[in-house]
Amino acid sequence: MTAPLLDRTREALRAAVAAAAEASGWDIDRADIVIETPRDPSHGDLATTAALALAKEAKKNPREIAQTLKERIEASPPPEEVAPLRSIEIAGPGFLNFRFGDVWLERGLAETLGRGAGYGRSGRMEGESILFEFISANPTGPLNVVSARAAAIGDTLAALCDAAGARVGREFYINDAGRQVRLLGESLEARVLQQLGEEAPLPEEGYHGEYLVAMADRLISGTLPDWWEESDREARIGNLSRWAVDQVVEDQKAIVEVFGLRFDTWFRESTLHESGAVEETLEDLRSRGHIFESEGAVWFRSSELGDEKDRVLITGDGNPTYLLPDIAYHRDKYNRGWGRLIDLWGPDHHGYIARMSAALEALGHERKAFGVMIVQQVNLLRGGEIVKMSKRAGRLIEMKELLDEVGRDATRFFFLLRTTSTHLDFDLDLAVSANDENPVYYVQYAHARISSVFERARSEGIDPDAATLSADLSRLIEPEERVLMRLLVDFPAVVADAAEAFEPHRIPAYLRQLSAAFHHFYHNHRIVGSETEVQTARLALSVGVRQVLANGLTFLGVSAPERM
RNA sequence: GCGCCUGUAGCUCAGCUGGAUAGAGCAGUGGGUUUCUAACCCGCCGGUCGCAGGUUCGAGUCCUGCCAGGCGUGCCA
């Protein structure tokens, strides 16, 4: 696809600066030429620090270099149809500030209107294929709030990378094998027996949550399955575990859907054991020379690949540790054709990154083809106090409770507001508050407000969508209008930058900025009722703004209401 | 001990991969639209960017060392 206007413009300027430097005999890597948006709009539309970067090598005053570059660029400017340069200024220590003709922003608005719901997409990450794995909780209980945060981030990140042109997948990993699942079965057995009036203590490290009581109810209230009476206790535990896992996974699927996200795959660990992929992986590692045996256990020599010590894959009593099937799982992802794997893990897993990276490198994959984002912990605040959570005691805030109390829009918005790597204080009182203290409404309100303006226009027989076709965009000359147009031009780059940096929080930040600019514009200028041609142009601008608000909110999984 | 995250306004946080005078929201305070939604807009108040060095034309951002808080450091998952 054609690159968005801002990307094209930057590229054209970069080329012009590079050519000017080269003609002067200065050597600068094209990629090192930074073309940025000045913080202060009075410094122009775009700026470069190239002269400052060249100062050392050229052994000249940066302002002199800037002067030379300026003259050469003016002598052979970038193509008018991409970057209609109106002036170049030298400022400060040697910045080059570029200013464009009005037509530049008008083209940007035209592009926004032309691409509609597709505006924001680009080809920045074309050719990449990325599989995002997130939530991936043990199927032993309800999803909690950290899972909710990971869900919001993973889903939005995938959407952003998709918009940037990458092929993406969303995957949920179900650890339905191993000790925890067995404990789940044993815990459920105890709950069922208790309800049948028998003395049956919960296993020491079992699951104490109330949800197992409810689950036992469900199991008994129907007729107990045939396998319940099976004499072999092992078989009964196995059946209970499977049954319980299915129940839990169904619940997880349901709540995830309420949260508004769809996984492309729900991958079960057990399939890796059944298919022999676990053994295959071990043999693969062995044939590549990364396996040794010691003290009766099978080890992976991960210390040779950056891990702090070697890791056990098969324990002394012959069972695989969690690591081996997990390596097999990631190996499977590559085998399914994904070029890059991104996992979202909780902070308690950070020590695990080195060994997994080592394993995947041992299997012949590039280190940068595997990445882990640590989603930091969430503190829920109520009345200014941290709500204590404890998994062991069975007291934890479930994702479902959060959604019931706060609702999907506010929950997702709050989780996406902050950088992923920081601990998050989630103020429940603020999130549920339906007043102007709540930042969620600010963006949604801008969208609703524009919708309301359109309703008004239609009541006067004016069709806003038709206005976009006939509008003379050069009638948009007010400063507030130009600010909005510039923000619209920025949008695809904001999306692509957020995707490449894996920083979804940039989207809500941008949307707040855009909303603020619209509220400001709205306050100072009339749309419906202004002079006809101006009215048409302003309606077109509003269509563009509303479209970008909607597109951005869609990335976040937050609704864009017509009225509030 | 070692590893990871964090430390920026009273509170919660941004700061675009090293640039120009460090920004928002909330709280506080004072105003605003008889016209398309006041869940809005405008003003004021508020800063030793944890501390100390270093790198350079330039550091909140990079390097080193401290200080403080959180999490981790299993032949558990």
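Treat the numbers as computed from the prediction; the structure is a model and nothing was measured. Below, each value reflects all heavy atoms present in this structure, side chains not excepted, and no hydrogens, waters or symmetry copies. Order of the sequence lines fixes the chain letters, A, B, ..., with proteins taken first and strands second; residue numbering starts at 1 for each chain.
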Which part of the nucleic acid does [X] contact within heavy-atom distance under 4.0 Å: base, sugar-phosphate only, or nothing?
{"X": "S451(A)", "result": "nothing"}
{"X": "H525(A)", "result": "base"}
{"X": "A493(A)", "result": "nothing"}
{"X": "S452(A)", "result": "base"}

**Item:** Residue list, side chain to side chain donor-acceptor pair (under 3.5 Å) with E89(A), at least two apart or on another chain
**Value:**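 Partners of E89(A) under the side chain to side chain donor-acceptor pair (under 3.5 Å) test: R99(A).
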**Item:** salt bridge (Lys or Arg N to Asp or Glu O under 4.0 Å) evaluation trace for R242(A) with D176(A)
**Value:** CA-CA 8 Å; R242(A) 270 189 294 281; D176(A) 63 337; over 6 Å; no
[N] versus [M] - spacing of their [atom1] atoms, nearest Å:
{"N": "rC16(B)", "M": "rC63(B)", "atom1": "P", "answer": "15 Å"}
{"N": "rU61(B)", "M": "rU8(B)", "atom1": "C1'", "answer": "12 Å"}
{"N": "rA9(B)", "M": "rU29(B)", "atom1": "C1'", "answer": "16 Å"}

**Item:** Earlier contact from the 5' end, RNA chain B, for E562(A) and A509(A)
**Value:**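 Its nucleotide being nearer the 5' end, the pick is A509(A).
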**Asked** Is the backbone of W299(A) close enough, under 3.5 Å, to the side chain of E293(A) for a donor and an acceptor to pair up by distance?
**Response**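 No; zero donor-acceptor contacts below 3.5 Å.
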**Message:** For the backbone of W345(A) and the side chain of D343(A), can you confirm whether one donor and one acceptor N or O come within less than 3.5 Å of each other?
**Reply:**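 Not a single qualifying donor-acceptor pair exists.
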**Request:** Would you sort out whether S451(A) and R546(A) count as a side-chain hydrogen bond (donor to acceptor under 3.5 Å, both in side chains), showing the intermediate values?
**Result:** CA-CA 8 Å; S451(A) 302; R546(A) 189 175 77 148; 3.0 Å; yes
**Request:** Grab the two heavy atoms, one from A431(A) and one from F426(A), that are nearest each other, plus how far apart they are.
**Result:**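 For A431(A) versus F426(A), the nearest heavy atoms are CB-CE2, 3.6 Å.
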**Message:** Testing the basics here: between A148(A) and L402(A), what is the closest heavy-atom pair and its distance to 0.1 Å?
**Reply:**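 The answer is CB-CD2, 4.4 Å.
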**Item:** Strand-adjacent residues in residues 527-538 of chain A, judged by heavy atoms under 4.0 Å from RNA chain B
**Value:**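 Close to the strand are I527(A), V528(A).
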**Asked** Can you say whether the rings of H349(A) and Y352(A) are parallel (under 30°), tilted (30 to 60°) or perpendicular (over 60°)?
**Response**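 Answer is perpendicular, since the angle exceeds 60°.
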**Prompt:** Parallel, tilted or perpendicular for F172(A) and W266(A), by the 30°/60° rule?
**Reply:**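 The rings of F172(A) and W266(A) lie parallel, inter-plane angle below 30°.
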Spacing of [X] atom [atom1] relative to [N] atom [atom2], expressed in whole Å:
{"X": "F413(A)", "N": "rA39(B)", "atom1": "CZ", "atom2": "C1'", "answer": "13 Å"}
{"X": "Y352(A)", "N": "rC5(B)", "atom1": "OH", "atom2": "C1'", "answer": "21 Å"}
{"X": "I374(A)", "N": "rG3(B)", "atom1": "CD1", "atom2": "P", "answer": "17 Å"}

**Asked** What do you reckon, do Y522(A) and the base of rC36(B) stack, with centroid distance below 5.5 Å and planes below 30°?
**Response**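 A stacking contact exists, since Y522(A) sits close and nearly parallel to the base ring of rC36(B).
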Counting side-chain heavy atoms from C-beta on, which of [options] comes nearest to [X]?
{"X": "R456(A)", "options": "rA14(B), rC36(B), rU6(B)", "answer": "rC36(B)"}
{"X": "T419(A)", "options": "rG15(B), rC36(B), rA77(B)", "answer": "rG15(B)"}
{"X": "H505(A)", "options": "rC76(B), rG15(B), rA39(B)", "answer": "rG15(B)"}

Please tabulate the protein-to-nucleotide N/O contacts below 3.5 Å involving nucleotides 41-46 of chain B, giving atom names and distances.
| residue | atom | partner | partner atom | Å |
| --- | --- | --- | --- | --- |
| rC41(B) | OP1 | Y442(A) | OH | 2.3 |
| rC41(B) | O3' | H520(A) | ND1 | 3.4 |
| rC41(B) | O2' | H523(A) | ND1 | 3.2 |
| rC42(B) | OP1 | H520(A) | ND1 | 3.0 |

**Asked** Is there side-chain contact between P439(A) and F414(A), with at least one heavy-atom pair below 4.5 Å?
**Response**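 Contact flag for P439(A)/F414(A) side chains = yes.
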**Message:** Is it the case that over 12 heavy atoms from other parts of the model lie below 6.0 angstrom from the CD atom of E460(A)?
**Reply:**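 Yes, the 6.0 Å shell around CD holds more than 12 heavy atoms from other groups.
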**Assigned glycosidic conformation for rU17(B) [threshold 90° from 0]** =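 Glycosidic conformation of rU17(B): syn.
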**Message:** Looking only at the aromatic ring of each residue, does the gap between the centers of H330(A) and F370(A) stay below 6.0 angstrom?
**Reply:**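 Yes, the ring centres sit under 6.0 Å apart.
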Between the protein and nucleotides 19-21 of chain B, which nitrogen or oxygen pairs come in under 3.5 angstrom?
| residue | atom | partner | partner atom | Å |
| --- | --- | --- | --- | --- |
| rA20(B) | N6 | N97(A) | OD1 | 3.0 |
| rA20(B) | N1 | N97(A) | OD1 | 3.3 |
| rA20(B) | N1 | N97(A) | ND2 | 3.2 |

**Request:** Taking Watson-Crick and G-U wobble pairs with both distances under 3.5 Å, convert RNA chain B into its dot-bracket string, 5' to 3', dots for unpaired and | for cross-strand pairs.
**Result:** (((((((..((((.....[...)))).(((((.......))))).....(((((..]....))))))))))))....
**Message:** I'd like to compare against my own output: the B/S/- annotation of nucleotides 68-75 of chain B with a strict under-4.0 Å heavy-atom distance to protein.
**Reply:** --SSSSSB
